Amino acid sequence: MSSPDLTDSEREAVLEVLRTPRLSMGPRLEAFETGVARRVGAKHAIGVSSGTAGLHLAALAAGIGDGDLVITTPFSFVASANVLLYERAVPVFVDVDPQTGNIDPALVEDAVHDLLKSGERRQRRLPRRGAADGALKALLVVDAFGQPADYDRLMKEAKTHSLSVIEDACEAFGAEYNGRPAGMFGDVGVFAFYPNKQMTTGEGGVIVTSRDDWAVKIQSLRNQGRAPGDTWLQHTYLGYNYRLDEMSAALGAAQLERFDELLSRRARVADWYGERIAEIPGVSALPMAPTTTMMSWFVYVVRLDPALQRAEVARRLEADGIPSRPYFTPIHLQPYFVERFGYAEGDFPVAEDLGRRTLALPFSGVMTEEQVDEVCRAVRGAL
Ligand SMILES: *Cc1c(COP(=O)(O)O)cnc(C)c1O
């Protein structure tokens with residue numbers, strides 16, 4: 001489905017680390033963090049062992065805990081809601097915009113309004129079970145498929161009600177919303193660098209924030225709860241080992257050097273797809289919001305017309321040797337969420353509709369135009 005875009009400069013950068021004795025907590029991590037901070041204009045950038053680890057620490061920095069309510073999207077990779085469960089908080093899902101698949105700001109405003117009340121209106125917003133009477137604490141916003149959510153309205157709403165905002169920009173490193181970088185809208189933003197993302201560290205992620213106190217807390221929690229001034233075996237807080245090793249950081253720094261090239265190679269492949277998909281009846285490309293002034297292509301998804309059977313289309317593609325994936329199964333319908341919170345089909349109809357009709361096609365910056373052609377011919381044939 002995807003392939004990292006690597007050259008000898010990345011390979012040499014990793015080998016270089018292996019010629020030194022410093023394999024963790026060394027100069028490569030600092031260099032990589034500085035590079036990411038500079039790229040997006042963040043005051044603090046903190047490398048971590050995965051995007052999921054980054055989101056978990058972001059939730060801890062925001063003070064999210066037992067029973068707290070957090071408004072988030074059901075149309076995402078499961079990690080964005082899981083990190084709330086790690087802290088026994090309750091994800092309150094709000095449906096998404098049918099075009100972009102990002103959380104719908106108008107529905108967020110309605111949900112905030114209801115949740116700040118008591119009684120029936122509030123109750124209707126909560127999951128059927130597993131929610132105590134916690135307070136609304138934060139928004140956890142996801143930039144789906146590399147397209148930023150609608151931050152003007154979301155941030156205004158958050159400010160009005162003093163809610164923290166966590167930005168899951170794990171799919172959107174390099175994207176821009178009205179000329180400003182994804183990851184920089186909330187109190188804290190998280191990027192992820194798994195091998196299928198726009199750039200990779202193998203496993204890894206980076207947290208960005210402009211809040212000094214949150215940065216100190218995050219740095220401490222990723223490193224076993226050692227507070228500034230603690231010695232190696234002193235642990236002021238309950239911490240984790242969420243560190244990013246030096247080989248991964250070196251790979252990240254080398255990828256970051258090539259990041260504009262990586263993005264433009266992905267955009268070129270997406271353009272090849274776009275031209276062909278537009279000519280095939282029954283499928284459509286992902287619509288772009290006018291606020292998306294820079295798209296950072298993460299996956300290439302198409303939407304099938306409602307009458308088509310996606311599973312059958314995928315089967316026919318597979319028979320032609322073309323892999324494809326349903327994208328996303330909404331989080332509220334994942335078995336664990338159904339069991340714990342009692343979510344059911346019909347709860348978030350837009351996310352469910354997109355979840356039923358969206359198919360991800362093979363995509364990476366190293367694909368050739370001939371390969372895109374081959375995939376699109378198979379798509380046409382399957383339809
Ligand atoms: C990739 C991704 C993450 C983090 O994934 P890791 O594999 O833990 O790095 C989180 N949220 C979303 C929406 C993602 O796509």
Side-chain angles (χ1 to χ4, degrees), residues 1-4 32 36 45-60 62 64 70-87 91 93-94 96-97 100-103 138-149 151 154 165-175 182-183 185-186 188-208 218 222 240-245 248-249 251-252 255 266 286 295-301 325-332 334 337 351 354-355 358 360 363-364:
M1 287 297 294
S2 93
S3 170
F32 180 45
V36 172
I46 302 150
V48 285
S49 53
S50 71
T52 307
L55 288 167
H56 184 196
L57 295 187
L60 283 161
I64 289 167
V70 179
I71 290 179
T72 190
T73 169
F75 195 62
S76 173
F77 181 61
V78 70
S80 61
N82 277 351
V83 300
L84 302 173
L85 306 194
Y86 298 166
E87 296 307 316
F93 294 117
V94 166
V96 297
D97 177 279
T100 62
N102 281 324
I103 199 164
L139 309 181
L140 195 159
V141 182
V142 179
D143 302 326
F145 305 140
Q147 174 158 233
Y151 283 98
L154 292 169
V165 177
I166 297 171
E167 182 178 356
D168 177 346
C170 288
E171 300 189 356
F173 187 52
F185 291 92
V188 60
V190 181
F191 304 119
F193 302 120
Y194 184 75
N196 71 339
K197 309 278 178 178
Q198 291 87 339
M199 57 159 266
T200 188
T201 55
E203 297 283 358
V206 167
I207 305 167
V208 289
I218 289 165
R222 98 172 144 178
Y240 304 85
N241 179 357
Y242 282 167
R243 296 184 301 256
L244 186 69
D245 66 69
S248 302
L251 174 54
Q255 286 258 278
R266 295 174 82 89
L286 180 73
M295 178 68 180
S296 176
W297 289 94
F298 166 51
V299 285
Y300 196 85
V301 294
R325 294 282 185 281
Y327 235 87
F328 299 107
T329 299
I331 297 174
H332 68 284
Q334 299 286 353
F337 283 78
L354 293 178
T358 308
F363 181 70
S364 77

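Numbers here are sequence positions counted from 1. Each ligand, and each atom within it, is numbered from 1 in the order the structure gives. Since the structure is predicted, the reported quantities are computational estimates derived from the model, not experimental observations.
Heavy-atom contacts of Ala192 reach the following atoms of ligand 1: 4 (C), 9 (O) (cutoff under 4.0 Å). Which parts of ligand 1 touch Leu55 is read off a 4.0 Å heavy-atom cut-off, strictly below it: atoms 10 (C). Taking a cut-off of under 4.0 Å to the non-hydrogen atoms of Lys197, the atoms of ligand 1 that pass are 1 (C), 2 (C), 3 (C), 14 (C), 15 (O). Close contacts between ligand 1 and Phe77 involve ligand atoms 2 (C), 3 (C), 12 (C), 13 (C), 14 (C), 15 (O) [criterion: under 4.0 Å to a heavy atom].
Less than 6.0 angstrom separates the ring centroid of Phe193 from the ring centroid of Phe32.
Using 4.0 Å as the threshold, Ser76 has a heavy atom nearer than that to some atom of ligand 1.
In this structure, Tyr86 OH and Leu55 CG are separated by 9.0 Å, a value rounded to the nearest 0.5 Å.
In terms of polar-atom proximity, defined here as any N/O pair under 3.5 Å, Thr52 does make such a contact with ligand 1. Geometrically, ligand 1 and Glu171 share a nitrogen or oxygen pair separated by less than 3.5 Å. An N or O contact shorter than 3.5 Å links Asp168 to ligand 1 by distance.
Side chain to side chain, Ser296 and Gln198 meet the donor-acceptor criterion of an N or O pair below 3.5 Å. Between the side chains of Asn102 and Tyr151, no donor N or O sits under 3.5 Å from an acceptor N or O.
Phe145 and Phe328 have parallel rings, their planes meeting at less than 30° on a 0 to 90° scale where 60° marks the start of perpendicular.
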